[in-house]
Structure formats: C-alpha cells, structure tokens
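Each remark here refers to the structure printed beneath this line.
Every chain is numbered from 1 and lettered A, B, ... according to where its sequence line falls, protein lines coming before strand lines. Quick caveat: nothing in here was measured; it's all calculated off a predicted structure. Below, all heavy atoms of this structure are taken into account, side chains as well, without hydrogens, waters or symmetry copies.
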There are 2 protein chains.
Amino acid sequence: MTTETASASPDNKYHHGNLRLALLDAAIAQIKDVGVDKLSLRGIARTVGVSQTAPYRHFKDKNQLLADVAAQAFIELYERSYSLIDPNASALENIQATGMAYLQYAIENPEKYRLLFGSSIKNRRSYSAMVEAGEQSFRILIDQVERGIKAGDFIPGCPLLLANTLWTQVHGSASLILDGFYQDRELPMPFDDFLKAQIMIASRALLLNPMPISLDKNRI
Amino acid sequence: MTTETASASPDNKYHHGNLRLALLDAAIAQIKDVGVDKLSLRGIARTVGVSQTAPYRHFKDKNQLLADVAAQAFIELYERSYSLIDPNASALENIQATGMAYLQYAIENPEKYRLLFGSSIKNRRSYSAMVEAGEQSFRILIDQVERGIKAGDFIPGCPLLLANTLWTQVHGSASLILDGFYQDRELPMPFDDFLKAQIMIASRALLLNPMPISLDKNRI
DNA sequence: GCTTATATGTTTTCAGTGTCAACATAGGTA
DNA sequence: TACCTATGTTGACACTGAAAACATATAAGC
C-alpha cells in the first residue's frame, strides 16, 4: 500500500505525474495475482498505460523494482508484528503471538512472502533499504528474547542466536506451507493448531525450566 | 550424478544414444554453475550439442526436467542422511548429526538446494516421484523422533508434529544461509558452531526433561 | 519572456527464452 | 520389403529484459 495516490496531474498525456508509485502499485497487484515469478516489467508498464521502457526511468532494472516492493512489504510485516507486542505480556507470549502473525502474513500474502524470502531478488545485500527493513522486523524478536532472558525466563544465551533459532523455525514453517508441503497431507489436528503447536514447542526450547511436559498427549 | 555414462552409441550423428541422461547431467552441471533460475533448456541443449527442441522428446517441458533433477537430488540427500543414522546412538544424537549434514548439503550445493525447496518448480505436488523422494528423507527424521519417544527421552507428542518442528528449523536455517542473511554479519561464534548451537537448542525442545541449562553462557 | 538543462517519456532494436507444428531419419517389427 | 514409432531437426511465434537514440514537458537562470 503506497501512501499517496498514484495519479497527481490528471490529464497529462506525456508526463504521467507519479509513475513511480503507479508502477509499484501495479507491481504489487501483479505479484498478488499472477505470482512473483510471472511478473514482467512490460506487463506492469502495460497496465499502467505507459511504454515498455518507461519503468527504466524510475528503476535501474527489474531487480531494483522488486527490491523496492520488498522493502515496502518488510515494513508492512514489521508494523503488523510490532502492533502485537504487549509490554505487559511475557516475552514468551509476545513471541508466540508475533510468530503466529508472521505465519498468517505468509499465508495471506503468499506471493509477497515469496518475494521477501525467495530468490526472485538477486544480490539482496546490495539493497540496503530493503535489508534494513528486514532487520527491523527481526529486531522485534531479538528484543523479546532479551526481555525473556532479563526476566529470568529464558536460557541466558546470546540473544541473536536464540532469536535466530526461533525465526528459522517459523520461516521454515512458512516456506513449507507456501511450497504446498501440507496440501493433501493428513495432520493430527486443525492446521492452525498444528502451526501454533510447533511454535510452542520451538519456544519451549528457550525456557530455563520448561514444564516436564506441558502438552496433552491426546491433543498433540 | 547419474548411474550410467551418458553416451552409449558413439558416432551416431542423428540419434544421440542416451540423450535423456545427457540432458539431466548437463542440467545438474548448469544448475551448479549458473544457478537454477538462469538455467535454460536451450542452454543445456546447446552444451549437449543437440537442437533446442530435442529435450521435448524426453521431458514434457522445462518444469518436468527440473522435477526429475530434483527427484535425483532428494535421493542424494536421503542417502547422505541415512548413512549417518547409527542404531546404537541416541535419537537425539542421530537427529543432531543428520541436521548438521542437511545444512552441510545445502551449503555445499546451494543451487541444488534452491531447486529442491525454492519455487523454481511449479506444481510440485504433481510430480510424485519427486514428492516421494522428498518424503523418504523426512521419514528418517520421523523415525528418530519415534525412537526418542519410545525410549522415554522425548515428549510423547505426535511424531509428525515434533519432527516437523525440527525440520522447519533446519530448513529455515538453510534458506537464510543461502539468501546470504549471514554474510557480513557479526556472529558470537564460528559459523559452524552457530548452526550447531541452533540445532541443539531446537532439539532441546523435544526433551522430556531438558537440563535446566546446558549451555555455557560465555560460549553461547 | 526567452533560452536551456534536466527529468521523464517513446520508438526501435537486440539477444534471449519456452514451446509448438511440421518435417526427417534411424531402427525395429510385421 | 513396407511400415511404425521413437527420436531428432527446422522454423516459427509470442514472450521477456534491456540498451540506444530520440522527443517533450517542466523548472531554473537570465
């Protein structure tokens, strides 16, 4: 979602007014309905009603357009996660809540998620805006891990390490969902519970003194 | 690695002899050095020295060629994992060993791993040989989880759920490695230890009675 | 107001892709 | 011998990302 509306000066045949935003919006739309790897620069130029090379005035190449879209999406993801952090809740609760929100984002925006973490974008490291937006999201998790350690709930390990362990679990979960790994697969419980249970198990690993067993054998 | 050598009848201008294998081999080679998404059917046809449409006699389309390569790679991965299972070792030890081997495979064969779990292959579910090869690998993990439960070491939960939690962690870890997430990033310890520590933490979640804290604060 | 530079468009073109249809040939079989 | 089928080839189509050369509208300096 871009902040401004895409058309600024209305009847300006030649100069579009705000082509850059219009292209980004069209790209997001196209990603959503044809998928990130069927997205074509020419296609989005066509839907915006502009020549096929016009986008090159605003983006060095297709890769940069994708990186810019991704940066936006990372911010979206960050805001969504951040809004769920409750300073009064325990670190564990916050972690589990944001973990589920993360999965939900991936499920609701599969193609965007693929853009964020797939290999559509080359040379990720060289798009600093995108990288920083991504790291901002990650820092939410690190912060909560640090809180949990300080509160004496979690193992007193390196926060980056612990946070990363959690993140990789959730990220792997998302990847497998999007790759259709769970389609036509019999699960022992509703899908949502399945995901939640995994997050609970994974976060149990951080607890200094986890319950000997906190899961009902029949439910899980 | 295909089992037979690719050229059967030597001087047969028109009929190649074993084009199918030759194409698969060329595909693997091309994946290794230009990457899975820069692989082109025409390119591999060229290196094999055959017309650009010849591959269509052996593969319905590019997607099917990729799926066939992936099936092979899954078997590779399976064999590598299976060879590490020691019936006399504990489930936990086996799980940690295969987990590290899995990451090592991903690091050594980044483009192959991307092929296996990225979105290069469309409609994965419809390539049953590939799907089954993949599930075979996963079953190794499930088996060990079941062993751990029976031995009274692990939480008595649904093995699929527990195994999946572990797998998603390792898979996520691999994805982030390949996406260059750890490049130019300061880590609190050597990279290999970093990965191993995460696997240890993640598998700690399965233990019925994990050590209150088993990690030295300074090392981790 | 006039000129001029710059940002933002367009046209044209190139090299590359996956895939299809039509045709050619070699080897095995009736 | 005649033919069928598997396996090749040629040529074409409809795409793609991208570069080069050209056009125009807006903004800045005088």
Side-chain angles (χ1 to χ4, degrees), chain A residues 4 6-27 30-31 33-69 115 119-123 126-127, chain B residues 4 6-27 30-31 33-69 115 119-123 126-127:
Chain A
E4 312 174 30
S7 56
S9 44
D11 270 12
N12 209 333
K13 283 317 187 194
Y14 203 86
H15 279 65
H16 178 281
N18 211 337
L19 184 53
R20 189 193 150 82
L21 280 182
L23 289 170
L24 286 173
D25 284 349
Q30 197 154 335
I31 285 172
D33 56 73
V34 308
V36 63
D37 40 45
K38 278 196 175 174
L39 169 143
S40 84
L41 264 194
R42 291 162 105 109
I44 76 174
R46 224 174 289 132
T47 70
V48 170
V50 90
S51 86
Q52 61 197 20
T53 56
Y56 287 92
R57 296 293 157 192
H58 299 273
F59 306 93
K60 184 183 160 289
D61 52 20
K62 185 184 179 184
N63 207 42
Q64 179 152 79
L65 196 170
L66 290 179
D68 286 4
V69 172
L115 171 68
S119 38
S120 339
I121 301 176
K122 312 294 160 202
N123 252 100
S126 52
Y127 298 94
Chain B
E4 312 174 31
S7 57
S9 45
D11 272 10
N12 209 333
K13 284 315 186 197
Y14 203 85
H15 278 67
H16 179 281
N18 211 337
L19 184 53
R20 189 192 151 82
L21 280 182
L23 290 170
L24 286 173
D25 283 349
Q30 198 154 335
I31 285 174
D33 56 72
V34 306
V36 62
D37 41 45
K38 279 198 174 174
L39 169 143
S40 84
L41 263 194
R42 290 163 106 110
I44 74 174
R46 224 174 289 132
T47 71
V48 171
V50 92
S51 84
Q52 63 197 21
T53 55
Y56 287 90
R57 296 295 155 191
H58 298 273
F59 305 94
K60 185 181 159 289
D61 52 21
K62 184 184 179 183
N63 206 41
Q64 178 151 79
L65 197 172
L66 290 180
D68 286 3
V69 172
L115 170 68
S119 38
S120 341
I121 301 176
K122 312 292 161 201
N123 252 99
S126 52
Y127 298 94

Quick check: do [X] and [Y] have side-chain heavy atoms less than 4.5 Å from each other?
{"X": "A:Leu23", "Y": "A:Arg20", "result": "no"}
{"X": "A:Lys122", "Y": "B:Asp37", "result": "yes"}
{"X": "A:Leu39", "Y": "A:Leu66", "result": "yes"}

Rounded to the Å, how far apart are [X] [atom1] and [N] [atom2]?
{"X": "B:Arg46", "N": "C:dG18", "atom1": "CZ", "atom2": "C1'", "result": "13 Å"}
{"X": "B:Gln52", "N": "C:dG18", "atom1": "CD", "atom2": "C1'", "result": "10 Å"}
{"X": "A:Leu19", "N": "D:dT26", "atom1": "CG", "atom2": "P", "result": "15 Å"}
{"X": "A:Gln30", "N": "D:dT16", "atom1": "CD", "atom2": "P", "result": "9 Å"}
{"X": "A:Asn63", "N": "D:dA18", "atom1": "CG", "atom2": "C1'", "result": "13 Å"}
{"X": "A:Asn18", "N": "D:dA25", "atom1": "CG", "atom2": "P", "result": "19 Å"}
{"X": "B:Asp61", "N": "C:dA21", "atom1": "CG", "atom2": "P", "result": "14 Å"}
{"X": "B:Phe59", "N": "D:dG8", "atom1": "CZ", "atom2": "P", "result": "11 Å"}

- Side-chain (A:Lys60) to main-chain (A:Arg57) donor-acceptor, under 3.5 angstrom: no
- Would you indicate, yes or no, if C:dA7 has its OP1 or OP2 atom less than 4.0 angstrom from a side-chain nitrogen or oxygen of A:His58? no
Any base atoms under 4.0 Å from [X], or only sugar-phosphate, or nothing? Heavy atoms, all strands.
{"X": "A:Leu39", "result": "sugar-phosphate"}
{"X": "B:Ser40", "result": "sugar-phosphate"}
{"X": "B:Arg20", "result": "nothing"}

- Task: Please figure out whether B:Lys62 or B:Arg57 has its closest DNA chain C nucleotide nearer the 5' end.
- Result: B:Lys62
- Per the atom types in the model, does the base of C:dG16 pair as donor or acceptor with the side chain of B:Arg42 at under 3.5 Å? no
- Message: Of the listed nucleotides (C:dG9, D:dA18, D:dT9), which one gets closest to any side-chain atom of A:Thr53?
- Response: D:dA18
